[in-house]
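Chain A is the first sequence line, chain B the second, and so forth, proteins listed ahead of strands; every chain is numbered from 1.
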Amino acid sequence: MFDHRARLVSVAQKEHRHIYPMPGWVEHDPDEIWRNVLTVVSQALEKAKLSPTELSALGIANQRETTVLWDRRTGRPVHNAINWEDTRTDRLCQQLAEEYGQERFREKTGLPLSTYFSGPKLRWLLDHVAGVRERAEAGEVLFGTMDSWLLWNLCGRHVTDVTNASRTLLMNIHTLDWDDDLLSMIGVPRAMLPEIRPSSEIYGEAGVALAGVPVASVLGDQHAALVGQTCFHPGEVKCTYGTGSFLLLNTGDRPIASERGLLTTLGYQLGSSRPTYALEGSIAITGALVQWFRDNIGLIGSAPEIETLALTVEDNGGCYFVPAFSGLFAPHWRSDARGVIAGLTGYINKGHLARAVLEATAWQTREVVEAMHADYGGALLELRVDGGMTANNLLMQFLADVLDAPVMRPIVAETVSLGAAYAAGLAVGFWPDLDSLKRNWHKAAEWLPKLDPEVREKGYRKWKKAVARTIEWLDEDDWLAADLVSLSGTQ
Amino acid sequence: MSGPIQSIERAAAILRLLSGRSRRLGVVEMAGQLGLPKGTVHGILRTLQSVGFVEQDRDSGKYQLGAALLHIGSSYLDANELRTRALNWADALATQSGESVRIGTLHEKQVLIVHHVFRPDDSRQALEVGSLVPVHASALGKALLAHHRYLLADLGSGPLPSYTPATITDVKRLGHELEEISGRGWASEVGDLFPGVASIAAPIEDRRGVIAGAISISGPIERLCESTVPRGELVGYVMETARTVSRELGAIPW
């Protein structure tokens with residue numbers, strides 16, 4: 001809950017279960033998620049001693065791509081939700097690519113054919129849950145991503161927003177409508193799909209439990225962070241640093257086709273205004289490398305201690321760590337690559353390794369930033385960051401150094417929630433315009449580049465050499481055992 | 001199974017005594033408090049000293065807990081971990097108070113700034129993480145000293161360095177103020193370090209009840225104080241945030 005000045009009024013959170021029926025399969029229980037939403041909303045109200053009638057609006061920001069099917073009449077899910085990271089549609093995606101070609105999908109959706117996106121998951125459910133296809137064709141079984149499921153339960157409408165729809169492989173990002181060609185290629189009946197709406201408008205009123213509060217925004221999490229960071233101008237970039245990291249660059253009212261394997265996606269669409277597009281670059285392994293260093297190597301007891309260890313030395317001592325644990329992603333796209341630690345000498349100690357682990361996040365960011373600007377033009381002016389890793393001061397300074405641009409952390413770390421609140425608040429007039437939101441953005445910290453350009457460029461050159469050494473590690477007989485990953489990792 | 005070993009029980013009692021409020025004790029004092037002969041206490045202390053569990057102060061001859069013991073028992077809270085765990089709450093304090101926020105820990109008789117949140121306006125500010133401030137002229141330092149008063153002796157007996165006319169330079173006077181601070185739970189300085197600038201700080205406790213650091217807000221005296229007295233509302237925000245961070249670190253709620 002946020003107030004007019006975007007100050008955090010109250011927070012409540014609750015984890016829900018991950019269900020792993022088989023290796024590579026990940027599911028969520030939609031009923032559990034709905035119950036948890038009601039619980040955290042009432043907890044947040046309770047903590048702030050407020051009643052639902054005092055809320056101006058409610059917004060939704062959700063993990064993207066996760067797919068739910070439910071019965072229109074009873075409102076009961078017909079199966080667990082299939083999570084975005086579930087890879088059961090691996091074979092299906094390969095078949096679709098062979099049959100129709102990647103390009104046909106990329107042109108219309110801005111996405112590669114991949115297990116991450118909702119369309120193939122939806123197709124899997126139609127193929128594997130008895131009777132569902134017939135009922136879907138009759139409009140009796142409905143599809144939604146998590147936002148649609150929550151909206152259906154909150155206000156009884158079958159709706160999604162452009163950002164969530166842009167991750168299904170079913171929506172044409174130029175028309176912002178479901179595309180008959182895509183629907184027939186993936187094999188999805190139109191009758192089961194939600195109506196695609198802007199990210200910010202009053203979709204309906206929440207039911208009794210929430211006293212009819214208007215539900216007024218829906219955004220995918222990374223898109224919500226873009227709004228929460230008030231990156232409203234073309235060229236503005238945010239990066240959310242978690243186990244993986246997500247960069248979004250606002251490209252204004254035109255979708256930019258990437259030649260470097262980035263995703264073309266919707267930024268947001270506010271009310272009746274024109275949609276804003278974005279380029280998205282994801283880095284599979286950032287915070288996850290620190291966790292790996294903690295759990296698998298054991299030189300540190302907690303993730304923040306990596307900074308303490310890294311500060312025992314002046315620099316990386318010439319050591320570079322490329323965490324290509326399941327291949328290289330944007331902008332290299334090499335699934336035959338595996339991780340390396342390069343530049344080892346007798347001089348290297350655990351402090352240098354800790355440095356190399358942290359620096360990997362910064363170098364990977366630079367690679368994605370460069371790919372984005374090669375696609376989009378221009379140069380990075382500043383990077384707005386959020387997420388857990390922004391607590392790492394050494395990393396943030398190093399990031400500014402290798403990007404040669406200021407890195408800024410906003411005072412509200414919960415940018416995803418804030419973005420949902422902003423979009424909902426705009427729809428109901430709680431905030432008048434984007435400028436009023438911009439005025440709420442305050443720097444909590446700023447790191448300025450101070451590394452000697454020669455040192456920086458030498459470091460980047462060495463990083464690229466280290467990256468080159470990861471390639472072609474897998475051999476024919478490794479492929480059977482290896483996970484074939486075609487896109488980014490953790491979200 | 002054999003019964004408890006008496007000398008180990010006595011050694012434990014001595015260590016417990018040294019971990020108490022006064023922190024530094026002489027042999028006679030300890031013998032008196034434990035009801036043991038002086039020679040016995042002395043013998044145990046020498047053994048503990050040889051393994052690094054206690055240390056003897058060269059000037060006063062008094063004993064205190066040794067570094068080896070602190071390393072075994074504490075697995076002291078990492079400063080970077082403190083920043084990570086406090087991040088959300090420090091941000092909230094900055095928005096609530098409209099002032100800049102700092103978190104500090106003791107570092108060789110000074111305060112090391114481990115976290116800094118800018119004042120939420122659009123003015124130009126530089127990140128101060130990693131810088132050191134004097135312990136006797138900062139609210140952070142006083143909040144920390146109030147809970148580690150045995151460190152006061154390390155500051156020496158002569159006058160302390162002066163930064164403004166308001167700096168407390170007399171160790172005795174500082175001692176009196178520390179007593180007040182530990183009673184009320186918050187510290188302040190009003191123009192002690194920079195003319196016209198005031199700070200309010202409160203201690204952060206970790207799950208073992210040890211003071212792990214302190215959190216402060218700083219700003220112009222006229223915004224932070226009613227004449228020269230810190231505003232009650234702001235003191236409340238700082239103390240509430242310190243409590244929340246302590247809870248986050250697993251301290252028992254109070």
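- Other residues, nucleotides and ligands contribute more than 12 heavy atoms inside 6.0 Å of the CD atom of B:Q49.
- Most heavy-atom pairs under 4.5 Å with chain A, from the set B:V114, B:V129, B:L82, B:V101: that is B:V129.
- With contacts defined as side-chain heavy-atom distances shorter than 4.5 Å, the pair A:K443/B:Q125 does not qualify.
- Note: A:T308 OG1 to B:D78 CG = 3.0 Å, rounded to the nearest 0.5 Å.
- Contact of the B:E81 side chain with the A:E305 side chain is registered, since non-hydrogen atoms from C-beta on lie closer than 4.5 Å.
- Contacts with chain B were tallied for A:R409, A:R5, A:E414; A:R409 has the most, counting heavy-atom pairs under 4.5 Å.
- Side-chain contact check for B:F118 versus A:H442: every heavy-atom pair is 4.5 Å or farther apart.
- Only the side chain of A:W447 comes within contact range of chain B, judged by heavy atoms closer than 4.5 Å.
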Assess whether side chain to side chain contact (heavy atoms under 4.5 Å, CB included) is satisfied between B:L127 and A:N393, documenting all intermediate values. CA-CA 10 Å; B:L127 208 58; A:N393 200 59; 3.5 Å; yes
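- Salt bridge present: A:E307 and B:R83 bring a charged side-chain N and a carboxylate O closer than 4.0 Å.
- Of the two parts of A:R439, neither the backbone nor the side chain holds a non-hydrogen atom closer than 4.5 Å to a non-hydrogen atom of chain B.
- Between chain B and the options A:A6, A:G388, A:S302, heavy-atom pairs under 4.5 Å are most frequent for A:S302.
- Environment of CD in A:E314: sparse, with no more than 12 heavy atoms of neighbouring residues, nucleotides or ligands closer than 6.0 Å.
- Contact residues of residues 84-93 of chain B toward chain A are B:T84, B:L87, B:N88, B:D91 (heavy-atom distance under 4.5 Å).
- Annotation: the span from A:L394 atom CG to B:N80 atom CG amounts to 8.5 Å, rounded to 0.5 Å.
- Contact annotation for A:L8: neither backbone nor side-chain heavy atoms come within less than 4.5 Å of a heavy atom of chain B.
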